[in-house]
2 protein chains.
Amino acid sequence: MNKEFISLLEKHQLRKTAPRLSVLSILKAKNTATSQPDLEAMIGKDVDRVTLYRILKTFEEKGIIHKILDLNGTANYAICHSSCNEHDHKDNHVHFNCTVCLHIYCLDNIQIPDIKIPSGFVSHTTNFVSYGICEKCSKKAEQYVNSNDEE
Amino acid sequence: MNKEFISLLEKHQLRKTAPRLSVLSILKAKNTATSQPDLEAMIGKDVDRVTLYRILKTFEEKGIIHKILDLNGTANYAICHSSCNEHDHKDNHVHFNCTVCLHIYCLDNIQIPDIKIPSGFVSHTTNFVSYGICEKCSKKAEQYVNSNDEE
DNA sequence: TCTTATATTGCAACAAAGTTGCATGATGTG
DNA sequence: CACATCATGCAACTTTGTTGCAATATAAGA
């Protein structure tokens, strides 16, 4: 399991260090993006806050992870599924940001549609975020409603 | 010109105060969204920082302005063109974020296309941001290239 | 295996962004 | 004009992110 991360770091010519492997394993373990504060809490005090910021920055630049901002502007990070690299680092799937649990889902199968932009403007990347209620939170809400049927 | 802002505040049952009118006139004067730091600088020290935050929060809740996050997660604000209100506060046009000057343009004429989201998920709002180089910055770059033709 | 250049980390200190509680002051309605 | 309420200002604080520099770990070569 660790081998996967080690080869990922090697591929990008980054040294294999404990903090970096921790970050990768935390991000990989979840199916949603992880927020900066959560990451900081999960990684604990073994790794310095500054180190974490720097790791996230290099990972993003190398195309290992991508950053998505939630509705509050908080940074969230997820491992890139598609084969990103330094030069071609696109993250052209739609994201879903649940307004209840605040989780961000990468909808890998849903491509961002093309749009026409005004002449004179040149677009390099696009970002599509859908805000609403995720499956888990919908189900929880249903259960809650059902349990109060007698009212 | 002030009448416009005063009636806007009345419409939303907000008291007409000097700080609120300042915010409105600053936002209205520009064709791009204004960042929180810029707003703070422009409004000067006559208005307290905390007051500014609170004004922006109420304006957003009332549907007077909308918030757009730039690529760094910095909050930017623009006056809503469409007739938004507390209950129907949608901002369904595309935004363009220039990576050079960092300005955010509201592309009022360009609607956000619909997408299919996975079953179980319920979408309330969508957000579409295009990142690239705006017209002004493109022209500046051209001029720069031309002036260095002799090289 | 030892040495060494260099990438990476940790620490301290700081800057910026945003929040909370409370007292003061302005607004608008009767 | 009085008064309830909304809005602001101030102080203090939390969170998020950055910078410089010294200490340390990594990887590659002798």
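All values reported here derive from a predicted model rather than from experimental measurement. Lettering follows sequence order; numbering is per chain, from 1.
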Minimum side-chain heavy-atom gap B:Cys106-B:His95 below 4.5 Å: yes

Residue whose nearest DNA chain D nucleotide is more 5′ - B:Arg20 or A:Leu14: B:Arg20

N or O in side chain of A:Thr51 less than 4.0 angstrom from C:dG10 OP1/OP2: yes

Evaluation steps, ring pair (Phe, Tyr, Trp, His ring centres under 6.0 Å), between A:Phe121 and B:Tyr105: CA-CA 11 Å; A:Phe121 288 68; B:Tyr105 297 82; 5.1 Å; yes

B:Val23 and B:Ile65, any side-chain heavy atoms less than 4.5 Å apart: no

Within one Ile-Leu-Val-Met-Phe-Trp-Tyr cluster: B:Leu107 and A:Phe128, side-chain cutoff 4.5 Å: yes

Between D:dA25 (P) and A:Asp46 (CG): distance, integer Å: 14 Å

Value in whole Å for how far the P atom of C:dT8 lies from CG of A:Leu56: 14 Å

Whole-Å distance separating the CG atom of B:Leu21 from the P atom of C:dT27: 10 Å

Phosphate contact (C:dT27 OP1 or OP2) by B:Lys16 side-chain N/O below 4.0 Å: no

A:Leu9 CG - C:dT9 C1' separation (whole Å): 15 Å

Side-chain-base donor-acceptor pair under 3.5 Å for B:Arg15 and D:dT5: yes

Check: A:Thr74/A:Ser35 side-chain N/O donor and acceptor closer than 3.5 Å: no

Footprint string (nucleotides 11-21 of chain C, 5' to 3'): B base within contact, S backbone only, - free, heavy atoms under 4.0 Å: BB----SBBBB

Rounded interatomic separation in angstrom, taking CD1 from B:Ile55 and P from D:dA7: 10 Å

More than 12 heavy atoms of other groups within 6.0 Å of A:Lys140 NZ: no

Rounded interatomic separation in angstrom, taking NZ from A:Lys62 and C1' from C:dT8: 13 Å

Beyond-backbone contact of B:Asn97 with B:Tyr131, side-chain heavy atoms, under 4.5 angstrom: yes

Under-4.0 Å side-chain N/O to phosphate OP1/OP2 contact, A:Thr17 with C:dT9: yes

Integer-rounded Å distance: D:dT26 P and A:Gln13 CD: 18 Å

